[in-house]
Number of protein chains: 2
Amino acid sequence: MLSRSANTVVPVVTIHANFGAAETSYVGGQQIHGEGEWANRVYEVMRGAVRNYKTLSDGRRQICAFHLPNDIFGWENGPTYRFTAEAIVDTTVRVVRRQNLEYVAATNVQVTHSLLSMTTRNLEHAENQMMLLGRKNSLEKVAAFLLEMDRRLFGTDVLALPMTRRDIADYLGLSVETVSRELSQLRARGILKFTETSQRQIVLKDRQELQALNS
Amino acid sequence: MLSRSANTVVPVVTIHANFGAAETSYVGGQQIHGEGEWANRVYEVMRGAVRNYKTLSDGRRQICAFHLPNDIFGWENGPTYRFTAEAIVDTTVRVVRRQNLEYVAATNVQVTHSLLSMTTRNLEHAENQMMLLGRKNSLEKVAAFLLEMDRRLFGTDVLALPMTRRDIADYLGLSVETVSRELSQLRARGILKFTETSQRQIVLKDRQELQALNS
DNA sequence: CGACTATTTGAGGCGTATCAAGAAGTGTGG
DNA sequence: CCACACTTCTTGATACGCCTCAAATAGTCG
């Protein structure tokens, strides 16, 4: 049972029918689970995209991760979800009850090991994001974002971004306007272009140059 | 074998003599392992403090974590360390060979589960830090740092910070000067004071007010 | 088509970085 | 114990990158 992870190709659990999995669909904008709610379920994205975020009391938002097809999310060690998870676009997920997964993990060292691998990859991503948030400037942030999406939305010439500029901004610790300006700058420099149909469809014309901007 | 974790009181592996542990000491500033080196060893801090950081090619640095007594670090899923780890002050660690730990983890579901718990706690910390780095202002960052250290360096009236202002700055995504200014502001507001002996020894006079600044 | 949201672009302001200098603290050798 | 060199820390002046506010354009959906 292997599954392609967000970042690398490593063995990882897939939520399997054996665990009592069921599919559920959400429309764009719909909440899948809320920060602080009981963490009863674990999810695997089948189609669509999910944003995982925290908010401060005054509404400031930090998106910690985007989940794309084959990503697993909602696995918690503690009793409650540390995030809100929302479908960005129409999304289908496979759901498994947490206790079923825990039941298997308690006895099966391989499943536990897979969960450990998954958590470690999430940690690596978070660590890279800390460097990005703490020490990169706005152009470097946007370049890194594009390269990440290019890697994860593989297999297509055009990056069909599911998320809004606001989502990108809240992922990179920027304002919407700054994201837009840096994208415009990259377009002006010939590093990318938008398709005729949409501003959310981006073609990377010079990945090397993007890579160079990513420090 | 239980050990107090950095953030919460949860069962977690301690590096035990059974794993073939040995103690090693480092002087302040000495490197324990470098980013990219083969991850052959796992460490537990006995005395002292460790900084874990990444650097960009031009020298910008992001400290991802400070490790204090009873913290475990150096556990990697991949082949190499993703960080440089340096002793901040004179530090003693317990060392275990990775393969010994892996050997136990491969068969013992409890040890694997402990590693999973530890990794999950690290992930939670990283997620909170992402919110801090991406969305908090400099005063909120410094307040959050002080509260974190107050929680982790428990049992004393004065916070005897092992790290320099530069370390704090690189942990919070700020400049040294800004850290210093915000500490001065908190002192001027009567929320903290320094001891007569050192600028690194801080007494928190109003934790509630600090908590309020932390959003 | 009309209402609404998302995106871009410009103008100006603010928060934090940078540069600079002095004070405080630390370590070393005499 | 002091003198000296060096590092760390603080504080002030200034610069600049990104945010905020505003308005126009583009895109979406009933």
Side-chain angles (χ1 to χ4, degrees), chain A residues 27-29 51 56 58-62 88-90 132-143 145-146 159-189 192-202 213, chain B residues 27-29 51 56 58-62 88-90 132-143 145-146 159-189 192-202 213:
Chain A
V27 299
R51 59 182 168 240
L56 295 176
D58 61 1
R60 281 175 288 176
R61 189 177 72 152
Q62 179 66 44
I88 298 177
V89 291
D90 293 356
L132 177 146
L133 291 167
R135 288 305 182 205
K136 291 188 178 178
N137 65 33
S138 57
L139 186 57
E140 292 167 336
K141 285 178 176 181
V142 171
F145 169 78
L146 291 169
L159 277 182
L161 299 176
M163 66 287 287
T164 65
R165 299 289 192 259
R166 167 139 300 286
D167 288 333
I168 300 173
D170 286 343
Y171 183 60
L172 300 177
L174 297 172
S175 68
V176 188
E177 295 91 333
T178 297
V179 170
S180 180
R181 268 185 259 269
E182 299 304 359
L183 286 172
S184 296
Q185 190 197 137
L186 291 171
R187 183 170 55 165
R189 288 166 65 170
L192 59 80
K193 66 178 182 186
F194 300 155
T195 64
E196 301 102 22
T197 44
S198 166
Q199 298 151 319
R200 292 211 202 154
Q201 296 193 344
I202 292 177
L213 289 173
Chain B
V27 300
R51 58 180 169 242
L56 295 176
D58 62 0
R60 280 174 287 177
R61 188 176 74 151
Q62 178 66 45
I88 298 178
V89 291
D90 294 356
L132 177 146
L133 291 167
R135 289 303 184 204
K136 290 189 178 178
N137 65 33
S138 58
L139 186 57
E140 290 167 338
K141 286 177 175 181
V142 171
F145 169 78
L146 291 170
L159 278 181
L161 299 176
M163 66 287 285
T164 65
R165 301 288 192 259
R166 166 139 302 287
D167 290 331
I168 300 173
D170 287 344
Y171 183 60
L172 300 178
L174 297 172
S175 68
V176 188
E177 295 91 333
T178 297
V179 170
S180 181
R181 268 186 259 270
E182 299 304 358
L183 285 173
S184 296
Q185 190 197 136
L186 291 172
R187 183 170 54 166
R189 288 166 64 170
L192 59 79
K193 65 177 182 186
F194 301 155
T195 65
E196 300 100 24
T197 45
S198 168
Q199 297 151 320
R200 295 213 198 149
Q201 296 193 344
I202 293 178
L213 289 174

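Quick note on labels: first sequence line is chain A, next is B, and so on, each numbered from 1. Quick note: numbers below take in every heavy atom, side chains included, and nothing from hydrogens, waters or symmetry partners.
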Return yes if a side-chain donor-acceptor contact under 3.5 Å exists between B:Ser175 and B:Thr178, otherwise no. yes

Which residues satisfy the salt bridge (Lys or Arg N to Asp or Glu O under 4.0 Å) test with B:Glu177, sequence neighbours excluded? none

At under 4.0 Å between heavy atoms, how does the protein contact nucleotides 4-13 of chain D? Give one character per nucleotide, 5' to 3', with B, S or -. ----SSBBBB

Quick one: salt bridge (Lys or Arg N to Asp or Glu O under 4.0 Å) partners of B:Arg187, sequence neighbours excluded? none

Taking any heavy-atom pair under 4.0 Å as a contact, classify B:Gly173: base, sugar-phosphate, or nothing. sugar-phosphate

Below 4.0 Å from chain B heavy atoms, what is the first contacting nucleotide of DNA chain C and what is the last? C:dT16 to C:dG25

Taking side chain to side chain donor-acceptor pair (under 3.5 Å) as the definition, give me every residue that meets it alongside B:Arg135, ordered by chain and number, with sequence neighbours left out. A:Asp170

Which residues pass the side chain to side chain contact (heavy atoms under 4.5 Å, CB included) test with B:Asp90, not counting sequence neighbours? B:Val27

Is the distance from OP1 or OP2 of D:dC18 to the nearest side-chain N or O of A:Ser138 less than 4.0 Å? yes

Residue whose nearest DNA chain D nucleotide is more 5′ - A:Ser198 or A:Asn137: A:Asn137

I'd like to check the side chain to side chain donor-acceptor pair (under 3.5 Å) partners of B:Gln199; sequence neighbours left out, ordered by chain and number. none

Holding to side chain to side chain donor-acceptor pair (under 3.5 Å), I want the full list of residues that pass it with A:Glu182, two or more places apart in sequence or in another chain. A:Ser138, A:Gln185

Set of residues satisfying side chain to side chain donor-acceptor pair (under 3.5 Å) with respect to A:Ser184, sequence neighbours excluded: none

All salt bridge (Lys or Arg N to Asp or Glu O under 4.0 Å) counterparts of B:Arg165, not counting sequence neighbours: none

Compare every heavy atom of B:Val142 with every heavy atom of B:Val179, then report the nearest pair and how far apart it is. CA-CG2, 4.4 Å

Could you tell me, to 10°, how much the axis swings from one end of the helix from C:dC1-D:dG30 to C:dG30-D:dC1 to the other, five pairs per end? 50°

